[in-house]
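This report refers to the structure that appears directly beneath it.
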Amino acid sequence: MAVLNEEQVMLRDAARDWTQEKSPVTALRKLRDTKSATGFDAAAWTDMAQMGWAGVIIPEAHGGADFGYRSLGLVLEETGRTLTASPLVSTALTAATALMLGGSEAQQAAWLPKIASGEMVATLAVDETAHHHPSTIALTATKSGSGYVLNGTKSFVLDGGSADLLIVVARTSGAKSDEAGITLFLVDGSAKGLTRQNLTMVDSRAVANLTLSHVEVTADSVLGPVDGGFAILEQTLDRARAGLAAEMIGTATQAFEITLDYLKTRTQFGQGIGTFQALQHRAAKLYTDLELARSCVQAALDAIDEKSNDIRALASLAKAKAGDVLHLASNEMVQMHGGIGMTDAHDAGLYMKRARVAEATFGGSSYHRDRYAKLGGF
Amino acid sequence: MAVLNEEQVMLRDAARDWTQEKSPVTALRKLRDTKSATGFDAAAWTDMAQMGWAGVIIPEAHGGADFGYRSLGLVLEETGRTLTASPLVSTALTAATALMLGGSEAQQAAWLPKIASGEMVATLAVDETAHHHPSTIALTATKSGSGYVLNGTKSFVLDGGSADLLIVVARTSGAKSDEAGITLFLVDGSAKGLTRQNLTMVDSRAVANLTLSHVEVTADSVLGPVDGGFAILEQTLDRARAGLAAEMIGTATQAFEITLDYLKTRTQFGQGIGTFQALQHRAAKLYTDLELARSCVQAALDAIDEKSNDIRALASLAKAKAGDVLHLASNEMVQMHGGIGMTDAHDAGLYMKRARVAEATFGGSSYHRDRYAKLGGF
Amino acid sequence: MAELDDFRAETRAWLEANCPQSMRTPMPGEETPWAGRKGTFKNPDSKLWLDRMAAKGWTAPTWPKAYGGGGLSRGEAKVLEQEMARIKARPPLFSFGLWMLGPVLLEYATEEQKLTHLPKIVTGEIRWCQGYSEPGAGSDLASLQTRAEDKGDHYLVNGQKVWTSYADQADWIFCLVRTDTTVKHEGISFLLFDMTTPGVEPRPIKLISGESPFCETFFTDVKVPKAQLVGKLNGGWEIAKRLLQYERQNISSSGFGGAAGLELERVALSHVGEVDGKIADADLRARIAGHKMDAKAFALTVRRVEAESKAGGTISPATSIIKYAAAKLNQDKYELLVESMGHQGLGWEGEGFTKRELIETRGWLRSKGNSIEGGTSEINLNVVAKRVLGLLDHQ
Amino acid sequence: MAELDDFRAETRAWLEANCPQSMRTPMPGEETPWAGRKGTFKNPDSKLWLDRMAAKGWTAPTWPKAYGGGGLSRGEAKVLEQEMARIKARPPLFSFGLWMLGPVLLEYATEEQKLTHLPKIVTGEIRWCQGYSEPGAGSDLASLQTRAEDKGDHYLVNGQKVWTSYADQADWIFCLVRTDTTVKHEGISFLLFDMTTPGVEPRPIKLISGESPFCETFFTDVKVPKAQLVGKLNGGWEIAKRLLQYERQNISSSGFGGAAGLELERVALSHVGEVDGKIADADLRARIAGHKMDAKAFALTVRRVEAESKAGGTISPATSIIKYAAAKLNQDKYELLVESMGHQGLGWEGEGFTKRELIETRGWLRSKGNSIEGGTSEINLNVVAKRVLGLLDHQ
């Protein structure tokens, strides 16, 4: 497993400094309490883009740094620590990946520089129900002249309310759950027939439901092969899963560290509560799970950068293990803080709320256990 | 939920006194080390029968006490505590139940008194593989003259090597996994064409694999309706599961009490190990699970005695919860005893070995969770 | 038994005549009859029902008639309970006075205190809150610091309580105060006072679920007449513990309510989808089945504990596990419910979610308090280990 | 790097010429080359391979040549390891002397002691056992009671050890003894002696798995020459702890082996049956998938720890979790394996079971010791809580 090089250490340190100073948890509280429409702070996003974070994985030719997914994971881990809301996952990770994997020269040249510069928000619109099932696509794209007409709905699209560019997964042939017959389309956020409903989620991040009603797109809006988009979709999702898992490890680590600090300072019955052995063992087990999950996330990101042939299994592994440990860490954070952890004034609730949304995004542990078994041939 | 009546308290106390004095764990060791062919002590079984335990559920008209399943459960719990090996489960519980539920007047009159008196060992031969699947029956019974000819195998039949009477589950019609087309047959242990292979199991109890090769039986050997035996089989199995669960609660309770006693007496680092909070919490959780499982077992036995309509769900509940808690209790018994628990000289290993065999018998927790869900309509 | 039969017939007739039809329907949360001076009744039938029941003393069926209670025997109270259940009658009154304070007043208060306070609990005129927890104390309740100084004819109370349920809605408080700072348990007293006394200030605490069922409550030079001390000076700890027993019994018998009427497996079938009548996600299905079995085991255990306690006249040892098991069960249920609903179970408010979904999500967040309030699960396990299993303290 | 390339070429050629073909196959348990005076070699190639490797000092590649070692640099040793792995060569020698005693002798022993003992470890002439645990001590190793009294030119050892691995097969023992009864850790010394010394009596302990890899070892007036004390009198605890580090490193890097080559999911598919290529029991399938993922996470963590330790020159903090995680993983695997095999996985011996099934069942029983031997999981968690997380002892 690769250890960090000097550039990566600098990137991580910069991300840690910036998030802890400029984007602590209070920043998320502010977005929440002011009911921000976009769900992120535009100025902060500009800052982040200027530091190059929007283009970490994008080739230099398109204005990025070409540092790879492990590097982007370092940034995501730090933003995960402070629950920083930004289009990093939707735009810099997922949409950029889809364009890099499936985009034509022209498409890449048109969009990747705008993503790298932070001037554009882009997102992948895949799910159509409350659960992740990327091959279950009912939204139709019907040939119409030289272009297509799109009809259907998309659910819980990250930054779907503010995205300038939507990468819409549509069915061009086949039955509802077939992997064949899926095609990806680039749809402008201002397209006629597109309506978006912003949702208010427990984690205060921006997601939206989309309705596409007779949305017309041109032939050059197709991303990747017609009817054969599932391969690109799955490769994109696996990179998104590994990246999101890195963010989740950051969130879990910070939740654990805050809790550990509380165990060291809070006293009861004349004792620091961290001296109680039952809590010590729970903390030690949680630490064990964190270390195990961290290895999975790093391995998945490394595999992507190294173009290994086990990316699919490792991405599912990373997402499931990061989800499980974040679930546990956020529950233990509330419980070990006692009553104060139940108050809105404390951050524990914010970590738990973010945990559950991140767990559900791009497939939960149950989904990925099943997928891991399928990939393993059982 | 019914509390014990006076007769039941007397029965339980008598069972406790006898098992602790006459049949402690050393009795099982002796059977094991002398490689007993029958897997139980004939003299002890005579004792047990004389105390009326072989006929607890059998009607008075057939020489039993007609005390019901809850009462038999009390005896089984006590024999479970000391790992007493006897034909209680095979004969007094399972075979007696099958005869009571499906037997004709003549069949009941012929066999039940012999079971109640302890002079005969009888058993149900149902499974054909290493996993419990009571509708998956390949052993065939083919009409031949006025009788039938049986061909096939049975696996892991309790007391199958020594049983005088075998209740064999056979297929008379339908496909291999159909519930319809199953018929039960009474087969004499000395029948021509029957061969038995005694197996040496980790728990030192007697089970056998049977091969039936052209075994001829008469028409009056059919127990219950031809092709319609599955209902009797399932009702029999549910009573067997609830009774075995009672035995398992006894085993788990004794394992827990032995462990608790060790926690109170063993010292390390100048402290009783039972003062370590992490072990205290594990003990308290195990106690919680034990109490919860105990309620399920009592409810299942009561439901059988009261002929409730939820016997199936409660029997699956009892078997699964008793299995789960026995699994945990036996593992904790070894772990909390440390090195000494790993030695053959200590009883912990015997409890763990018995635990796993009992868990697997008549369906494990996984089987019963699935069944509970099916019964619940999901 | 003949008298009970007569009583049953009378009771049935009276309920039939006096329980309004709308009080025989499931109670929405917003119609909970907390009463008190600030109490409002969204449904006027709630008030009617309360008044009729209170007039017979049947809000507190077994309390003596002298204090406004029903004066019923245990057998009669059971019959009343059964007859109310028969017509699905709602409880006429929700009250910490009924559940917690009343029983200890009956045991420890002076005759005058009983006559003053019990009748107003029965009628719902006064709503009580509980001044126990403090910010620095947590599970170590007896380390409380709120002072009550002897000023001759009154005590002067200064300090702060926290987790005071509905303090902003309550009329009076029963409050643990420190009257001796040189000892721990033996320096605690049990005081009653009016929440409108100058210097009492409750501030609602917003929870992660968005609700504010608890307050921080500040006391600044609050004057409490000495007659409002219950039991002996510095003898409050015994009363405090007894009251906690009643509180836990109450939690035990009611459990934590759980998801508002939704059957977990139905939610999963509808939100996750089904294959051959089974929940499509086999892993989730197995975990839901496991949970349903846990829930059944819990319900059976509550029944067993009741039966054993009734038969034995003593409390079943299994009682001690109920609070811990109930908290875990309710939390497990909500986690599975939220997982089953997917993203649809993670909405906070607004469009895109059904009212039911939003209620369940808030319920999930609220359930995290189950293992903290009324004794943390860690404390519960300590108690089981020590009192039931006989394990000793670490030296 | 050029020298390493040369070394690699030479090594490869030497191994090609000297490693017998049968030593390039998976090693059955009964061919484990423990050597020693009592050692037998079921496969004569094992002896040949050991002698050839020992002649080059390559059983202990980095030990100095003066003591019989290979005198290789770390880089050269790595190359040797890689080249052996390339041809799947078996380890030539299994030895507590190599893994545990040797490293501490190199650090703490006198020159004379090194010259006496190390070469015989390298050749496998002397097989060592470890006299650490005592019946009354358990995890509290330092409370050991085996006495060594100063009798002028020798120590007189009396007492009892337990869990002495293969004491009945060993030639010499390294043994912790109490040389001062007035203090705890500061009264322990580290002695070496011959197992044939009068008064030494090892008695095999039969385990629940039926095997006897451990002994109780009794010492009755055993005379040990003073020259066989390693380090200072009463200075044995430091050596003892250092040796435990080597022991744990050894367990960590090897894990617990796990089920003998069987893929859990294949066993489940064959024993439970399959539907559409999936294990027929969906619940079991999900748990097996979860376990496979845990196993992968563990393997990736071992790799990460190695990479981080190599890069940082210090030990990764994740090292501390390895023993605990390895034990749990191996136990989980065996439980799933036994569950997957059903009754077929619960045979003890005799007909009706395949040899493979019986081996796995014994392995399941044996695995229960993983969380006890070499530091219990409870002790592991204490250590993580205190040393890694910085939590304090209870007062």
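All chains are named by letter (A, B, ...) in the order of the sequence lines, taking the proteins before the strands, and each is independently numbered beginning at 1.
- Interface remark: of the candidates D:Arg366, D:Gln344, D:His271, D:Gln344 forms the most heavy-atom pairs closer than 4.5 Å to chain B.
- Looking only at heavy-atom pairs under 4.5 Å with chain B, the residue among D:Asp281, D:Leu365, D:Asp140 that has the most is D:Asp140.
- No other option in B:His133, B:His132, B:His327 has as many heavy-atom pairs under 4.5 Å with chain D as B:His327.
- Counting heavy-atom pairs under 4.5 Å between each of B:Asp370, B:Thr361, B:Leu279 and chain D puts B:Thr361 at the top.
- When side chains are defined from C-beta on, D:Met341 does not count as touching B:His131, because their heavy atoms never get closer than 4.5 Å.
- With a 4.5 Å cut-off on non-hydrogen atoms, B:Ala360 touches chain D through its backbone and its side chain both.
- A donor-acceptor pair under 3.5 Å links the side-chain atoms of B:Gln335 to the main chain of D:Ser371, judged by distance alone.
- By the 6.0 Å and 45° rule, B:Lys353 does not stack over the aromatic ring of D:Trp364.
- Atoms NZ and CE, on D:Lys368 and B:Met342 in that order, are 9.0 Å from each other to the nearest 0.5 Å.
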Derivation of the salt bridge (charged side-chain N to carboxylate O under 4.0 Å, His left out) call for B:Arg356 and D:Glu339: CA-CA 8 Å; B:Arg356 291 308 176 281; D:Glu339 182 180 344; over 6 Å; no

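- Contact annotation for B:Phe156: only side-chain heavy atoms (C-beta onward) come within less than 4.5 Å of a heavy atom of chain D.
- Interface remark: D:Arg287 contributes side-chain atoms only to the contact with chain B (heavy atom separation under 4.5 Å).
- If you tally non-hydrogen atom pairs under 4.5 Å between each of B:Arg282, B:Glu359, B:His346 and chain D, the highest count goes to B:Arg282.
- Here the side chains of B:Phe276 and D:Glu378 are not in contact, with every heavy-atom distance at 4.5 Å or above.
- Of the listed residues (D:Ser139, D:Ala137, D:Gly210), the one with the most heavy-atom contacts under 4.5 Å to chain B is D:Ser139.
- The shortest non-hydrogen separation linking D:Thr361 to B:Val202 is CG2-CG1, 3.7 Å.
- Residue D:Leu346 touches chain B through both its backbone and its side chain, counting heavy-atom pairs closer than 4.5 Å.
- Of the listed residues (B:Gly339, B:Ser155, B:Gly270, B:Gly349), the one with the most heavy-atom contacts under 4.5 Å to chain D is B:Gly339.
- Heavy-atom pairs under 4.5 Å with chain B peak, among D:His394, D:Gln331, D:Arg362, D:Glu335, at D:Glu335.
- Contacts of D:Ile379 with chain B are made by side-chain atoms alone, with heavy-atom separations under 4.5 Å and no backbone atom involved.
- Atom CD1 of D:Ile208 is separated from atom CG of B:Asp344 by 8.5 Å, given to the nearest 0.5 angstrom.
- With contacts defined as side-chain heavy-atom distances shorter than 4.5 Å, the pair B:Gln268/D:Ser143 does not qualify.
- In this structure, the portion of B:Asn331 lying under 4.5 Å from any heavy atom of chain D is its side chain and not its backbone.
- For the pair D:Glu351 and B:Leu199, the minimum side-chain heavy-atom distance is 4.5 Å or more.
- Around atom CZ of D:Arg387, no more than 12 heavy atoms belonging to other residues, nucleotides or ligands sit under 6.0 Å away.
- Contact annotation for D:Ser212: neither backbone nor side-chain heavy atoms come within less than 4.5 Å of a heavy atom of chain B.
- The candidate from D:Val338, D:Val272, D:Leu284 with the greatest count of non-hydrogen atom pairs under 4.5 Å with chain B is D:Val272.
- The part of D:Phe353 that comes within reach of chain B is its side chain, from C-beta onward, which places non-hydrogen atoms under 4.5 angstrom from that chain.
- For chain B, the option among D:Ser133, D:Gly350, D:Gly136, D:Ala282 with the highest count of heavy-atom pairs below 4.5 Å is D:Gly136.
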